[in-house]
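Below is one structure, written out as structure tokens; comments come after it.
Residue numbers start from 1 in every chain, and the chains themselves are labelled A, B, ... in the order their sequence lines are given, proteins ahead of strands. Basis for what follows: all heavy atoms, side chains included, without hydrogens, waters or symmetry-related copies.
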Amino acid sequence: MENLEIAAVLREMADLLEIKGGVNPFRIRAYRNAVYTVEEYATPLRTLVEEGADLTELPSVGNEMASHIVELVTTGHLSRLVELAAEIPRSLVTLIRLPGVGPKKARKLWDELGITTIDELEAAAAAGQVAELEGFGEKTQGKILEGIVRYRARQGRFRLAEVDELIRPLLDWLRTDDAVQHVEVAGSYRRRRETVGDVDILAISSAKQAVIDRFLAYPQVLRVDLAGETRATVHLASELQVDLRVLDEQDAGAALVYFTGSKEHNIALRRRALERGLSVSEYGVFKLAASDGVEPQEDADLSTTGRELGERVAGRTEQQVYESLGLPWIPPELREQRGEIVAAERNELPQLVSLEDMRGDLQMHSDWSDGKNTIEEMLEACVSRGYEYFALTDHSQALAMTGGMDAEKLARQLAAIDEIASRHPEIRFLRSMEIDVLADGSLDIEDGMLERLDLVVISIHSRFDLSTADQTRRLVRAIEHPASDIVGHPTGRIIGRRDAIEFDLAEVLDCAAENHVAMECNAHPNRLDLRDTHMMEAKKRGVPIVISTDAHRVAELDLMSYGVEQARRAWLTPGDVLNAGPLEVLLSALGRI
DNA sequence: GCCGTTTTCGGCCCGACTGTTTTCAGTCG
């Protein structure tokens with residue numbers, strides 16, 4: 001059982017316990033905390049279980065969660081969930097995915113109307129039965145019906161690059177309004193997560209209502225979900241959800257921290273604040289009033305609303321907010337509660353790699369295979385981006401439909417490259433190729449030709465369905481080939497379209513480290529492969545990373561920023577990224593010189 | 001259920017908006 005599946009079971013436990021009601025809310029929260037840990041963990045927990053490792057070492061995993069995980073890995077099911085499902089229909093958890101329906105309402109729908117599925121809920125709402133229930137009404141019933149339609153049609157998360165395109169004109173629309181002093185996008189977009197569920201926009205203004213009005217008047221707004229005095233939520237025509245919050249300038253820093261998240265990072269900050277007698281919200285950092293007689297609430301009170309606040313100590317800038325908590329400013333890409341607060345406290349935050357550090361691009365295609373531009377056009381585009389070197393990596397013959405090259409065609413290309421390179425001393429031209437790794441792990445070109453290349457990129461483009469063991473063997477054999485330098489888009493995933501191939505990440509990374517082979521972070525926003533957590537694992541195991549665009553046309557060379565952002569999320573410094581350094585260091589790390 | 005520079009009990013993050021309430025519960029982020 002894989003981590004995501006384990007997490008899904010634990011999440012279902014939490015949902016069912018919540019629907020059941022009368023359960024200690026902190027017990028439910030404990031399940032949700034464990035879900036986060038399991039989802040974020042880079043290596044399969046199944047391997048930890050097989051090694052007999054102590055799972056309670058993991059954050060938010062105690063004896064109970066550890067035994068749950070062991071049971072799931074070894075038996076494939078969780079007896080506690082089976083017991084719970086005998087009391088509460090499991091399908092009720094789908095109801096709370098609907099907007100406006102939470103655990104309490106789901107429970108009521110089941111108790112009063114015997115509803116357990118979305119289909120049954122739709123029928124009951126259409127018949128007007130839902131509005132009759134206490135705590136429900138006509139509006140709620142209508143909202144549920146709309147929500148069901150959207151639930152069935154929903155598109156899922158948006159890729160970061162799509163959101164970039166959708167959100168830029170909206171930002172321009174807001175910025176041209178006089179009432180708006182400043183606009184910034186927060187949320188997972190600012191943390192540069194590979195996909196974004198909804199977009200959080202933060203506006204600074206003293207005329208809040210005017211900003212809300214401007215936002216609601218944006219031509220691409222398809223429907224308004226809610227609109228208050230300081231916040232509004234809309235769906236754009238693209239179905240992308242956008243939340244706007246309008247705040248005073250003095251609150252900008254606290255608000256930006258709050259809305260950038262992640263949720264887990266914020267919770268950790270607030271816990272830290274409480275330890276210091278402070279309270280953090282989107283309105284600032286406040287001293288807590290002396291808490292003489294704090295009356296403990298009986299269960300269900302999840303919030304600390306009503307706590308007496310004292311003097312405000314920070315809020316205008318993010319720096320101030322972190323400083324008030326005894327921390328240096330933390331880059332948004334690191335705010336995932338993966339140890340950044342501890343590192344910040346010790347002043348050990350990494351100096352993250354940036355786009356300006358990049359000195360070359362190590363995967364791109366020309367019209368010799370499936371690229372759209374000539375070799376010389378690609379070269380000139382690299383020069384204009386200020387690169388010191390670049391690698392041209394047209395496909396090998398196994399990808400016939402791309403015009404992949406056999407030995408004879410490669411020989412002709414190398415001759416053409418020599419001629420072009422001789423006219424362009426301003427950049428170092430690396431003769432390279434993206435060579436297919438065949439199903440058995442052999443490379444798709446004669447060894448004799450490999451010797452004529454400066455750099456060899458090896459990639460999997462077929463047989464994505466091999467077993468974990470076979471796929472691991474395949475990659476290990478290819479990496480062990482003495483000519484191999486870089487594994488291109490190692491997991492082969494296409495975000496939202498094709499799953500990653502299955503292999504033993506630890507074994508492959510260790511093999512790469514041993515053989516001086518680098519792993520690529522493919523910067524194309526559809527791939528982002530390796531992903532952030534995998535790169536963290538690679539760094540831990542001493543495997544160098546390269547960031548390449550895999551450009552098939554000149555314009556795609558600009559996708560480099562997406563790769564760099566993912567590398568930043570993986571805590572990588574310029575020293576961890578080979579093509580952020582001088583060519584000699586790169587070639588030496590790959591065992592070329 | 002988890003956790004520990006106020007450790008093995010007693011805590012556990014904070015606020016806005018909506019709809020249905022006649023003073024607030026539920027949901028959401």
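Distances from the side chain of A:S281 to the nucleotides B:dG15, B:dG1, B:dA16 place B:dG15 closest. Listed nucleotides: B:dC14, B:dT18, B:dG1. Nearest to the side chain of A:L226: B:dT18.
Residue-level contact check: A:T233 touches neither bases nor backbone, having no heavy atom under 4.0 Å from any strand. When heavy atoms are screened at a 4.0 angstrom cut-off, A:A34 is found touching no nucleic acid atom at all.
Taking the charged nitrogens against the carboxylate oxygens, A:R223 and A:E239 do have a contact shorter than 4.0 Å, which makes a salt bridge. Of the charged side-chain nitrogens involved, none lies within less than 4.0 Å of a carboxylate oxygen, so that A:E64 and A:R27 do not count as a salt-bridged pair. Classification of A:K540 and A:E537 as a salt-bridged pair holds, one side-chain N sitting under 4.0 Å from a carboxylate O. A salt bridge links A:D164 with A:R192: the distance from a Lys NZ or Arg NE/NH1/NH2 to an Asp or Glu carboxylate oxygen falls below 4.0 Å. We find that A:R493 and A:E194 are joined by a salt bridge, their nearest charged nitrogen and carboxylate oxygen being less than 4.0 Å apart. With respect to the salt-bridge test (charged N to carboxylate O, under 4.0 angstrom), the residues A:K208 and A:E229 do not qualify. A:R193 has no carboxylate O lying under 4.0 Å from a charged side-chain N of A:D532, or vice versa, which leaves the two without a salt bridge.
Heavy-atom neighbours of A:E134 CD from other residues, nucleotides or ligands within 6.0 Å: at or below the threshold of 12. Shown here is A:Q319, whose CD atom has more than 12 heavy atoms of other residues, nucleotides or ligands within 6.0 Å. Taking a 6.0 Å sphere around CG of A:D213, one finds it holds more than 12 heavy atoms contributed by other residues, nucleotides or ligands. Atom CD of A:E2 sits in a crowded spot, with more than 12 heavy atoms from other residues, nucleotides or ligands closer than 6.0 Å. No more than 12 heavy atoms of other residues, nucleotides or ligands shown are found within 6.0 angstrom of CD on A:E323.
For B:dC12 and B:dA16, the C1' atoms lie 22 Å apart once the distance is rounded to whole Å. Straight-line distance between the P atoms of B:dT21 and B:dA25: roughly 14 Å, to the nearest whole Å. Comparing B:dC28 with B:dT22, their P atoms are spaced 23 Å from each other, to the whole Å. On the P atoms, B:dC14 is 26 Å away from B:dC9, given to the nearest whole Å. The gap from the C1' atom of B:dG11 to that of B:dT6 amounts to 11 Å, rounded to the nearest Å. Atom C1' of B:dT20 sits at a distance of 9 Å from the matching atom of B:dC24, rounded to the whole Å. Comparing the same atom, C1', in B:dT7 and in B:dG15 gives a spacing of 31 Å after rounding to whole Å. Using atom P as the reference point in both B:dT23 and B:dG29, the two lie 29 Å apart (nearest Å).
Summarising the geometry, the separation between CD1 on A:I267 and C1' on B:dG15 is reported as 14 Å, rounded to the nearest angstrom. Counting to the nearest Å, the C1' atom of B:dG11 and the CG atom of A:N33 are 14 Å from each other. Between the P atom of B:dG1 and the CG atom of A:L17 lies a distance of 8 Å, rounded to the nearest Å. The interatomic distance linking A:K143 (NZ) with B:dG19 (P) rounds to 6 Å, in whole Å. As rounded to whole Å, 9 Å separates atom C1' of B:dC12 from atom CG of A:N24. Taking atom CG on A:L278 and atom C1' on B:dC14, their separation rounds to 15 Å, with Å as the unit. At whole-Å resolution of the value, OH in A:Y36 and C1' in B:dC3 are 18 Å apart. For A:R272 and B:dT5, the CZ to P distance is 12 Å, given to the nearest whole Å.
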Would you give a per-nucleotide map of nucleotides 24-29 of chain B, 5' to 3', where B means the base has a protein non-hydrogen atom under 4.0 Å away, S means only the sugar-phosphate does, and - means neither?
--SSSB

Please test A:L174 against A:H182 for side chain to side chain contact (heavy atoms under 4.5 Å, CB included), starting from the C-alpha separation and ending with a verdict.
CA-CA 9 Å; A:L174 290 173; A:H182 184 68; over 6 Å; no

Do A:R569 and A:E336 pass the salt bridge (charged side-chain N to carboxylate O under 4.0 Å, His left out) test, and can you show the C-alpha distance, the side-chain angles, and the key distance before you say yes or no?
CA-CA 9 Å; A:R569 288 178 53 79; A:E336 297 288 352; 2.9 Å; yes

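Nearer the 5' end of DNA chain B, as judged by each residue's closest nucleotide, is the contact made by A:R80, out of A:R80 and A:E275. Each of A:V280 and A:R27 has a nearest nucleotide on DNA chain B; the 5'-most of these lies closest to A:R27.
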List, with names and distances, any nitrogen or oxygen atoms from the protein found under 3.5 Å away from nitrogen or oxygen atoms belonging to nucleotides 20-23 of chain B.
| unit_1 | atom_1 | unit_2 | atom_2 | d |
| --- | --- | --- | --- | --- |
| B:dT20 | OP1 | A:G137 | N | 2.6 |
| B:dT20 | OP1 | A:G137 | O | 3.4 |
| B:dT20 | OP1 | A:T140 | OG1 | 3.2 |

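In this structure B:dT8 sits in no base pair that meets the Watson-Crick or G-U test at under 3.5 Å.
The phosphate of B:dG15 has neither OP1 nor OP2 within less than 4.0 Å of any side-chain N or O from A:S279. Contact annotation: A:Y31 side-chain N/O to B:dC2 OP1/OP2 distance is not under 4.0 Å.
Of the residues in residues 55-71 of chain A, A:L58, A:P59, A:S60, A:V61, A:G62, A:N63, A:E64, A:M65 come within less than 4.0 Å of DNA chain B through at least one heavy atom, sorted by number.
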